[in-house]
There are 2 protein chains.
Amino acid sequence: MAERGRPRKFDRAAALRRAMEVFWERGYEGTSLSDLTTAMGINPPSLYAAFGCKEALFREAVALYEATEGSATESALRDAPTAREAVAAMLRDNVNAYACPGKPPGCMIVLAATLGAPENKGVCNYLAECRRKVQDALQRRLERGVIEGDVPAGTDTAALAAFYTTVLQGLSIQARDGAPRARLQAIVDCAMAAWDQLTRPPNRRAGSRSTTAPKRKARVP
Amino acid sequence: MAERGRPRKFDRAAALRRAMEVFWERGYEGTSLSDLTTAMGINPPSLYAAFGCKEALFREAVALYEATEGSATESALRDAPTAREAVAAMLRDNVNAYACPGKPPGCMIVLAATLGAPENKGVCNYLAECRRKVQDALQRRLERGVIEGDVPAGTDTAALAAFYTTVLQGLSIQARDGAPRARLQAIVDCAMAAWDQLTRPPNRRAGSRSTTAPKRKARVP
DNA sequence: TCAGTTATGTAGCGATTGATACATAAACTG
DNA sequence: CAGTTTATGTATCAATCGCTACATAACTGA
């Protein structure tokens, strides 16, 4: 099982990490092959031999991102003892990751390919699926909270998961726009302030009236 | 003051609208000049004579977007009688805009140029400034609520504005990922459920402890 | 009628895009 | 050693990128 042929001259893992950093900073369409080969310190044939094509390299870069920079979400949801603490830890740890000095601000999976040309739709859909998986994992964690008793039965776990995922995704935009860590954390605190209200049993919930059609006349002070 | 020279053969406003739709759907870097001229029904020289260059056309398209599709935010903040109703209306109206059939889902200003190549940094910064203006307008509306008495004095209007702006921006990602209007509205309801807690006077606020460093041991059910 | 002015269509600019052909280099096996 | 296999560097490829030169068309005012 020994390696055949001429051995690779560069460190594949290190080169992949460089590629990830460039994609994270500039996005998929904003990164050219020239940008990649320069950052990775290799020539195009080496890149194609080792990674296949630009899109395949990007997918590997996303996988690396998930396993390293983006691992806070999974570990928070897994390790926290209650659903509430899991959500709070997930948001807090991601805030720390989004505002880490020396690294691109915000989440690569949220930012690197929101829109794009039709020929890059595969990339956009791939990231969308990654985002959906995060939301699903959050919802499962909430449902586990219902089973374990720290979240009341009847809680709308799907809505709750969608809400906190939305906040998480919005935080990436805020981080890219230059919001410092303290402000991101303040946003998280605001989001967590809704927890008690959102996990109140439906029958005695107070502030859950819909905002789609205000029933009563506005109170003018 | 009559017009000199050969008159323009195409409708400039209509062509700009077509350009806006393409940018909205594919983003700045995902849209080529060929895409634009095809959608606008004109040839490159006409585009450059009428709009200058790709970036100038994009900025005009953004301005058109703000004046039409994105006008809900401004009108909601201006017309609602209380700050709370203003925020609720802003979120609700934007949800309706984000999930409007036949139009690209989500907000163009949030999605069209999150990341990009260094040479397109001007475009990204321009959109970031647009987003900051929305957040500033929201904060001013909250401060008006403090003055008019429907928001308690001492409320952290900056944090509140950042929070609801974050939700608004996250909703664009959710919309692009295919969330139907009902789910987007459910997210808005979750965000509004935090209002009472966030506008409670600071001294008797209950759930405002920071999540940065949990002080007490987790409660295990 | 005739400059002067502006818009249009054709055709193509230099540069860059993602991706390769090809000869050579460096390892292994026999 | 020869033969096989794989990686590397050079030097591109066709296609597309954003953009424009140029001749002509269609209007104005004098």
Side-chain angles (χ1 to χ4, degrees), chain A residues 1-16 18-20 22-23 26-62 112-113 115-124 126, chain B residues 1-16 18-19 22-23 26-61 112-113 115-124 126:
Chain A
M1 285 291 289
E3 305 154 7
R4 300 281 299 251
R6 178 176 174 174
R8 187 179 284 120
K9 190 184 281 185
F10 65 95
D11 183 339
R12 191 184 190 279
L16 177 59
R18 298 279 174 79
M20 181 198 77
V22 181
F23 279 131
R26 307 183 180 185
Y28 181 75
E29 288 182 337
T31 304
S32 70
L33 256 295
S34 172
D35 294 332
L36 291 166
T37 54
T38 299
M40 299 163 85
I42 59 178
N43 294 115
S46 297
L47 189 153
Y48 282 88
F51 300 100
C53 66
K54 187 189 178 188
E55 177 168 343
L57 173 59
F58 179 77
R59 291 181 185 237
E60 272 203 62
V62 170
L115 306 187
E119 63 262 29
N120 297 322
K121 184 152 282 187
V123 170
C124 295
Y126 177 66
Chain B
M1 284 292 288
E3 305 154 6
R4 301 279 301 251
R6 177 176 174 173
R8 186 178 284 122
K9 190 184 281 184
F10 65 95
D11 183 341
R12 192 185 189 278
L16 177 58
R18 299 279 174 78
V22 181
F23 280 131
R26 308 184 180 185
Y28 180 75
E29 288 182 337
T31 303
S32 71
L33 256 295
S34 172
D35 294 332
L36 291 166
T37 53
T38 299
M40 299 164 84
I42 59 178
N43 293 114
S46 297
L47 189 154
Y48 281 88
F51 299 101
C53 67
K54 186 189 178 187
E55 178 169 344
L57 173 60
F58 180 76
R59 291 182 185 237
E60 271 202 63
L115 306 186
E119 63 261 30
N120 297 323
K121 184 153 282 187
V123 170
C124 295
Y126 177 66

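Side chains included, hydrogens not; waters and symmetry mates left out as well; all remaining heavy atoms used. Computed from a prediction, not measured in an experiment: that's the story for all the values here. By convention in this document, chain letters (A, B, ...) are assigned in the order of the sequence lines, proteins followed by strands, and residues within each chain are numbered from 1.
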Hey, what do you get for CZ (F51(A)) to CD1 (I42(A)), rounding to the nearest 0.5 Å?
6.0 Å
Between CE of M40(B) and P of dG18(D) the distance, given in whole Å, is 13 Å
Which pairs, with at least one residue in residues 38-52 of chain B and sequence neighbours excluded, count as a salt bridge (charged side-chain N to carboxylate O under 4.0 Å, His left out)?
none
Between CZ of F51(A) and P of dT20(C) the distance, given in whole Å, is 16 Å
Tightest non-hydrogen contact, residues A112(A) and F23(A), listed as CB-O, 4.1 Å
Any pair counted as salt bridge (charged side-chain N to carboxylate O under 4.0 Å, His left out), so long as it reaches residues 30-47 of chain A, sequence neighbours left out:
R26(A)-D35(A)
Please enumerate all residues that pass side-chain hydrogen bond (donor to acceptor under 3.5 Å, both in side chains) together with R18(B), with sequence neighbours excluded.
none
Looking only at non-hydrogen atoms, find the nearest pair between L57(B) and L47(B) and report the distance.
CD2-CD1, 4.0 Å
Return a table of donor-acceptor pairs under 3.5 angstrom between the side chains of residues 7-16 of chain A and protein atoms on other chains or two or more places apart.
from: D11(A); atom 1: OD1; to: A13(A); atom 2: N; distance (Å): 3.0
from: D11(A); atom 1: OD1; to: A14(A); atom 2: N; distance (Å): 3.2
from: R12(A); atom 1: NH1; to: E60(A); atom 2: OE1; distance (Å): 3.1
from: R12(A); atom 1: NH2; to: A50(A); atom 2: O; distance (Å): 2.8
from: R12(A); atom 1: NH2; to: E60(A); atom 2: OE2; distance (Å): 2.8

Polar atom pairs (N or O), protein with nucleotides 14-17 of chain C, under 3.5 Å:
from: dT17(C); atom 1: OP1; to: S32(A); atom 2: OG; distance (Å): 3.4

What one should report as the nearest heavy-atom pair of A113(A) and C124(A) is O-SG, 3.5 Å
Hey, is the side chain of Y48(B) poking within less than 4.0 Å of OP1 or OP2 on dC19(D), counting only N and O atoms?
yes
Measure all distances between protein nitrogen or oxygen atoms and nitrogen or oxygen atoms of nucleotides 1-4 of chain D, and list the pairs falling under 3.5 Å.
none

For S34(B), what residues pass the side-chain contact (heavy atoms from CB on, under 4.5 Å) criterion, not counting sequence neighbours?
S32(B), T38(B)
Specify the separation, in whole Å, of atom CG of N120(A) and atom P of dT16(D).
14 Å
Rounded to whole Å, the CZ-P distance (F10(A) to dA26(C)) equals 17 Å
Where at least one partner belongs to residues 40-58 of chain B, residue pairs that pass side chain to side chain donor-acceptor pair (under 3.5 Å), sequence neighbours excluded:
E55(B)-R59(B)
Short heteroatom pairs, N/O only, protein and nucleotides 9-13 of chain C, under 3.5 Å:
from: dG9(C); atom 1: OP2; to: N43(B); atom 2: OD1; distance (Å): 2.8
from: dG9(C); atom 1: O5'; to: N43(B); atom 2: OD1; distance (Å): 3.4

Tell me: CG of L36(B) to C1' of dC19(D), nearest whole Å?
13 Å
Between R6(A) and dT8(D), is there a side-chain N or O to OP1/OP2 distance below 4.0 Å?
no
In a table with atom names and distances, give each donor-acceptor pair under 3.5 Å that connects a side chain of residues 116-123 of chain B to protein atoms at least two apart or in another chain.
from: N120(B); atom 1: ND2; to: E29(B); atom 2: OE2; distance (Å): 2.7

